[in-house]
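Here's the structure, in structure tokens; my notes come after.
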Amino acid sequence: MIVECPANTRLQEYLLKNDIHILTPCGGRGNCAKCKVRILKGKAKINTMDQIWFSQKELDEGYRLGCQVFAKEPLTIEIYEK
Ligand code: FES
């Protein structure tokens, strides 16, 4: 599923508000990577937890931990619903 996350928004909050659910077994602490998403358009910061879970190639392809994504600008994101 593709979502358009508006600027200045935490992805997880946006998804919950819109009744869209992704896997978050670790509760959004960055410990499971089950919340994987892919940024298709826009730039999302890479944090330390992203670097632990994803290879450089995956990061370059836009993969991020969905629980950690904060959209500073509008983002087009592929999510994997549970
Ligand atoms: S919910 Fe576990 S890493 Fe995101």
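Quick note: numbers below take in every heavy atom, side chains included, and nothing from hydrogens, waters or symmetry partners. These figures come from a predicted structure and were not determined experimentally. Both counts, for ligands and for their atoms, begin at 1 and track the order of listing.
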Y80 and W53: same hydrophobic cluster, using ILVMFWY side-chain contacts below 4.5 Å?
-> yes

Go through the structure and list residues passing side-chain contact (heavy atoms from CB on, under 4.5 Å) with L23, not counting sequence neighbours.
-> P25, K34, K82

Consider only side-chain N and O atoms of D60 and Q56, and report whether a donor and an acceptor are under 3.5 Å apart.
-> yes

E61 meets the salt bridge (charged side-chain N to carboxylate O under 4.0 Å, His left out) criterion, sequence neighbours left out, with K57

May I ask you to determine how many protein N/O/S atoms are under 2.8 Å from atom 4 (Fe) of ligand 1?
-> 2

ILVMFWY clustering at 4.5 Å (side-chain atoms), partners of I79 = M1, V3, L11, Y14, L15, I20, I22, V37, I39, V69, L75, I77

Can the positive tip of K45 be found less than 6.0 Å from the middle of the six-membered ring of F70, inside 45° of the ring normal?
-> no

